[in-house]
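Here the structure is laid out as structure tokens; the discussion comes afterwards.
All values below were derived from every heavy atom in this structure, side-chain atoms included, with hydrogens, water molecules and symmetry-related copies excluded. All residue numbers in this chain count up from 1 along the given sequence. Since this is a predicted model, take the numbers as computed values, not measurements.
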Amino acid sequence: MADSREERNGGEQEPQGAVGGEDVIDDPILEQGAVVLRGYVIERINTEDPARHVSSEDLGGRPDEHQDPQVKEVVEQLLKIADDLNRNAEFQRLISQVQGNCAQDIFMQVARSIFADGINWGRVVALFHLAYRLIHKALTTNHLENIRRVIGWVLQVIREQLYSWLIQQGGWEGVIGGFSRWRTLATVASVALVVAIVYYRKTR
């Protein structure tokens with residue numbers, strides 16, 4: 001089943017992901033990835049910028065998409081892993097310098113750098129956190145057209161770099177069982193993202 005999905009994802013999915021993920025509903029991995037990412041962004045904004053009210057619809061999603069208890073639990077585990085990223089001052093300083101309107105090729109270079117020497121949940125969270133920062137900048141600077149663009153970029157990374165790994169983990173729910181292990185890897189992920197952002201700054 002995964003193979004047939006991957007075949008369908010070949011050329012057909014690329015333009016769909018580019019508009020924010022609402023059209024990839026024929027693939028559970030990509031669909032849930034978009035839902036989880038939006039949930040992650042909303043919860044981070046609720047924590048860091050509580051005066052700003054953001055809904056799933058604002059991010060290109062459906063009104064009730066975060067009611068699924070399993071989705072809620074996946075988002076909660078990813079947010080716990082992100083706690084370590086938020087405590088890394090150098091990481092925060094560097095990520096704040098990534099321009100909200102950065103080009104797709106730059107985003108993809110940073111994403112490739114994050115996963116250059118392996119994939120784990122900590123690195124997936126690092127990717128989500130970078131996307132969150134870009135989406136938050138788009139909201140605060142009123143460049144709303146960038147929101148779906150960034151979500152589309154993340155879906156492209158999931159499709160091209162993470163898809164097979166996510167299948168091996170049993171899908172997005174794979175983060176739930178291994179939370180304690182993945183949290184210990186969050187620091188490694190933050191170092192990977194710092195290195196990636198330094199690379200981004202050099203190639204700007």
Side-chain angles (χ1 to χ4, degrees), residues 5 8-9 12-83 85-86 95 98 100-102 104 107-108 111 121-163 166 169-176 179 182:
R5 286 192 194 118
R8 288 207 312 271
N9 286 348
E12 189 180 324
Q13 290 287 50
E14 190 138 354
Q16 295 175 345
V19 296
E22 64 273 40
D23 294 326
V24 294
I25 55 172
D26 62 330
D27 191 303
I29 293 285
L30 293 173
E31 180 188 19
Q32 194 172 23
V35 172
V36 168
L37 173 60
R38 286 191 286 264
Y40 180 92
V41 169
I42 289 168
E43 291 302 319
R44 285 253 64 95
I45 289 174
N46 287 343
T47 300
E48 298 182 14
D49 191 1
R52 185 174 299 279
H53 300 289
V54 179
S55 68
S56 296
E57 300 97 306
D58 294 329
L59 305 180
R62 300 181 305 276
D64 59 346
E65 67 181 13
H66 296 118
Q67 297 310 307
D68 183 335
Q70 207 163 38
V71 169
K72 287 182 178 178
E73 191 169 0
V74 170
V75 171
E76 182 182 332
Q77 298 303 332
L78 295 178
L79 288 166
K80 287 177 180 176
I81 295 172
D83 287 344
L85 296 180
N86 286 324
I95 204 169
V98 178
N101 61 345
C102 76
Q104 180 177 4
F107 182 92
M108 292 300 171
W121 288 111
R123 290 169 187 255
V124 173
V125 170
L127 174 70
F128 274 32
H129 204 75
L130 175 60
Y132 154 68
R133 289 296 187 194
L134 294 176
I135 290 170
H136 186 253
K137 283 187 177 184
L139 288 166
T140 56
T141 58
N142 206 31
H143 288 289
L144 304 184
E145 70 281 0
N146 288 340
I147 293 173
R148 293 190 181 192
R149 191 175 302 153
V150 171
I151 292 174
W153 295 347
V154 174
L155 291 178
Q156 185 175 337
V157 173
I158 291 170
R159 186 172 57 246
E160 294 177 356
Q161 299 185 59
L162 308 182
Y163 197 97
L166 284 164
Q169 307 308 306
W172 292 94
E173 294 80 7
V175 70
I176 297 169
F179 166 64
W182 302 123

Roughly how far, to the nearest 0.5 Å, is the CD1 atom of I29 from the CD atom of E31?
11.0 Å
Which of these passes side chain to side chain contact (heavy atoms under 4.5 Å, CB included) with I135: V54, V41, L144, I42?
V41
Inter-residue atom distance L59.CG - L139.CG, 0.5 Å rounding:
6.5 Å
So NE2 of H136 and CD1 of I147: to nearest 0.5 Å the spacing works out to 10.5 Å
Between atom CG of L130 and atom CH2 of W153, what is the distance when rounded to the nearest 0.5 Å?
10.0 Å
Shortest non-hydrogen contact from V71 toward E65:
CG1-O, 4.4 Å
Pairwise distance CD1(I81) to CD(Q77) - rounded to 0.5 angstrom
7.0 Å
Just to verify, what does D49 make a salt bridge (Lys or Arg N to Asp or Glu O under 4.0 Å) with, not counting sequence neighbours?
R52
Measure the CG-CD1 distance between L134 and I151 for me, rounded to the nearest 0.5 Å.
11.0 Å
Run Y132 and E48 through side-chain contact (heavy atoms from CB on, under 4.5 Å) and show every step you take.
CA-CA 11 Å; Y132 154 68; E48 298 182 14; 2.9 Å; yes
Not counting sequence neighbours, which residues clear side chain to side chain contact (heavy atoms under 4.5 Å, CB included) with S55? List them please.
E57, D58
In short, A131 meets L37 closest at the heavy-atom pair CB-CD1, 4.2 Å
Side chain to side chain donor-acceptor pair (under 3.5 Å) involving Q161 - partner list, sequence neighbours excluded
none
Should the ring pair W172 and W121 be called parallel, tilted or perpendicular, given that the plane angle runs from 0 to 90° and is split at 30 and 60?
tilted
Determine the minimum heavy-atom distance between A82 and R44, stating which atoms define it.
CB-NH1, 3.8 Å
Does one side chain, of Q156 or Q104, offer a donor that lies under 3.5 Å from an acceptor on the other?
yes
Minimal heavy-atom distance between L155 and A34, with the atoms involved, is CD2-N, 3.8 Å
Under the 3.5 angstrom rule, does the side chain of H66 hit a backbone N or O of K72 as a donor-acceptor pair?
no
With side-chain contact (heavy atoms from CB on, under 4.5 Å) as the test, would you mind laying out the steps for L127 and F107 before giving the verdict?
CA-CA 10 Å; L127 174 70; F107 182 92; 4.0 Å; yes
